[in-house]
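Worksheet: the structure to be examined is printed underneath.
Just so you know, ligand 1 is whichever comes first in the structure, and atom 1 is the first atom listed for that ligand.
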Amino acid sequence: MDSIVVGLQWGDEGKGKVVQKLSRSHKWIVRFSGGPNAGHTVYHGNTKMVHHLLPSGTNENFLFISRGTLVDLETLNSEIKEISKIYPDIKERLFVSPYCRVITPIEKWQDGAIEKTKGKNSVGTTGRGIGPTVSNDANRVGIRLFDLFDQNHLKEKVDLLAEISNFGDQSIADELLSQFEKIKDRVLDPKVEGQILFEGTQGIMLDPMYGTYPYVTSTPTIPSFAFYGSGLKSEKYEVWGVFKAYTTRVGSGPFPTEIFGEAGDDLRKRGSEFGATTGRPRRCGWIDFPQLEYASNVSNVDHLVMTKSDVLNGLEKVGVCISYDKKIIPYDLGSLKPTIEYVKGWKNLESSEFADFISAIEHHVRRRIKYVSYGPSEEEIFQR
Ligand code: GDP
Ligand code: IMO
Ligand code: MG
């Protein structure tokens with residue numbers, strides 16, 4: 001059976017680690033959305049790698065960066081160089097769709113300029129040029145990988161994009177071409193046969209349509225986009241929804257269960273909650289049942305996977321949001337009042353209090369937690 005793995009919160013749920021675990025029973029690992037804004041942490045043996053663009057598979061997988069993904073060629077090449085030290089044959093197993101949108105220095109500059117103009121209303125983007133690349137593409141002035149096969153054509157396109165964006169620097173096309181040269185032979189849509197794992201990015205609450213707009217990313221994060229974004233089909237698949245035993249968020253936007261002050265700092269320290277892409281401190285809060293139920297329903301999740309359960313070990317009490325004063329509306333999340341209750345903490349994952357915590361989640365979200373992760377490495381996970 002094929003699989004789709006998505007994050008059920010605001011990203012950084014531990015999708016990379018879960019994808020690595022599930023990758024063992026799949027042949028292909030396919031990215032279908034997001035771009036270098038993603039940071040998926042995977043331990044290959046003792047080596048920690050943060051995957052921004054390369055799917056989180058191992059040497060047993062074929063990897064496909066499909067058309068729904070935004071590509072920054074420099075990031076991709078440096079990631080390939082890095083992971084080649086572990087898997088020397090990585091390039092032979094990698095395919096990048098020619099339809100992928102290319103992030104240029106113009107979009108990165110636009111991203112920063114738009115954020116600056118927004119001032120106190122800024123989204124707190126990763127600065128990777130995601131929003132402008134999507135909007136330039138929608139305006140039909142964006143660069144696609146297939147444009148790079150023809151130098152003169154590319155130069156014309158870059159000139160137009162620079163003119164429309166009031167961007168002066170003229171060396172962009174040459175930079176793009178020199179990066180493209182390193183990866184050119186892998187830019188093709190492969191024939192995909194065998195079991196596929198679609199690796200989602202960000203989280204459902206960051207989806208541009210279903211999340212907390214305008215504090216969202218710019219490419220869809222919901223599982224149904226796996227098919228549109230990749231161009232692949234699946235006869236039979238299951239959706240895995242990954243969430244943390246608490247909640248984090250990077251950047252601006254509503255976060256009803258956020259913990260401020262020392263308690264928030266403590267949770268951040270316990271969970272090492274600093275962004276894998278930008279290093280920014282992540283905002284931390286308690287688990288939010290209505291939010292998780294909403295995200296699971298929107299994504300039609302079959303199985304839940306809980307990560308970072310170990311981080312809460314030893315706390316005297318653990319907060320859980322059990323309800324809101326009104327039905328959950330993502331774009332209006334900031335105006336809803338959460339009811340937070342405190343349950344007794346647990347010493348370790350064998351404690352009965354932890355079993356009660358799991359039962360409460362399953363009851364509220366109305367789905368089974370199939371895996372519980374208790375550490376960053378592939379082995380630190382158990383099936384229920
Ligand atoms: P992703 O973007 O969803 O792949 O998640 P990130 O890699 O951005 O952030 C998750 C962080 O938690 C990474 O540093 C992982 O190594 C780490 N991690 C994943 N699962 C667990 C877990 O169960 N316990 C602990 N302590 N850390 C975990
Ligand atoms: P992974 O795949 C957490 C957040 C940014 C910002 C908003 C928009 O590692 O879970 P963007 O640069 O996409 O325009 O920023 O989305 N964001 C993420 N937060 N994890 C991510 O990816 C994220 N990708 C984007 O912090 O609030
Ligand atoms: Mg991440």
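- Between V311 and ligand 1, a contact under 3.5 Å exists for no N or O pair.
- Between the side chains of D2 and S234, at least one donor N or O lies within less than 3.5 Å of an accepting N or O.
- Of the protein's non-hydrogen atoms, the one nearest atom 10 (C) of ligand 1 is D12 O, 3.7 Å.
- D89 is linked by a side chain to side chain donor-acceptor pair (under 3.5 Å) to R93, counting only residues two or more places apart in sequence or in another chain.
- Here I329 pairs with Y331, D332 under the side-chain contact (heavy atoms from CB on, under 4.5 Å) rule; sequence neighbours left out.
- Taking a heavy-atom cut-off of under 4.0 Å, ligand 2 is surrounded by W10, G11, D12, K15, N37, A38, G39, H40, V123, G124, T125, T126, I130, T201, Q202, L206, V216, T217, V250, G251, R280.
- The closest approach between R270 and ligand 1 stays at or above 4.0 Å for every heavy atom of the residue.
- In terms of polar-atom proximity, S309 is not counted as a contact of ligand 1, lacking any N or O under 3.5 Å from an N or O of the ligand.
- Heavy atoms of G7 come nearer than 4.0 angstrom to ligand 1 in no pair at all.
- The protein atom (non-hydrogen) at minimum distance from atom 11 (C) of ligand 1 is K308 NZ, 3.7 Å.
- Here the heavy atom of the protein found nearest to atom 7 (O) of ligand 1 is T41 OG1, 2.6 Å.
- The shortest N or O to N or O distance between S373 and ligand 1 is under 3.5 Å.
- Contact of the E92 side chain with the Y87 side chain is not registered, since no non-hydrogen atoms from C-beta on lie closer than 4.5 Å.
- Here the heavy atom of the protein found nearest to atom 16 (O) of ligand 1 is P376 CB, 3.4 Å.
- Within 6.0 Å of CD in E60 there are more than 12 heavy atoms belonging to other residues, nucleotides or ligands.
- By the 4.0 Å heavy-atom criterion, G39 is counted among the residues contacting ligand 1.
- Taking the ring axis of Y99 as reference, the NZ or CZ atom of R144 does not stay both within 45° of it and closer than 6.0 Å to the ring centre.
- A distance-only check finds no donor-acceptor pair linking the side chain of R368 to the backbone of L304 [under 3.5 Å].
- Using cut-offs of 30° and 60° for the angle between ring planes, the Y342 and W286 rings count as perpendicular.
- Around atom CD of E262, no more than 12 heavy atoms belonging to other residues, nucleotides or ligands sit under 6.0 Å away.
- The nearest heavy-atom contact from the protein to atom 26 (N) of ligand 1 is D310 OD2, 2.7 Å.
- Of the candidates E13, E258, E273, R282 forms a salt bridge (charged side-chain N to carboxylate O under 4.0 Å, His left out) with just one, namely E273.
- Applying the 6.0 Å contact sphere to CD of E353 captures more than 12 heavy atoms from other residues, nucleotides or ligands.
- The number of protein N/O/S atoms found under 2.8 Å from the Mg ion (ligand 3) is 2.
- At least one side-chain heavy atom of I183 sits less than 4.5 Å from a side-chain heavy atom of L94.
- When the options K21, H44, R24 are evaluated for a side chain to side chain donor-acceptor pair (under 3.5 Å) with E378, the one that passes is R24.
- Backbone and side-chain nitrogen or oxygen atoms of G16 are examined, and one is located within less than 3.5 angstrom of a nitrogen or oxygen of ligand 1.
- Within a 6.0 Å radius of CE in M209, other residues, nucleotides and ligands contribute 12 heavy atoms or fewer.
- Residue F198 is tested with F227, Y237, W240, W28 for a ring-ring contact (aromatic ring centres under 6.0 Å, His included); the sole match is F227.
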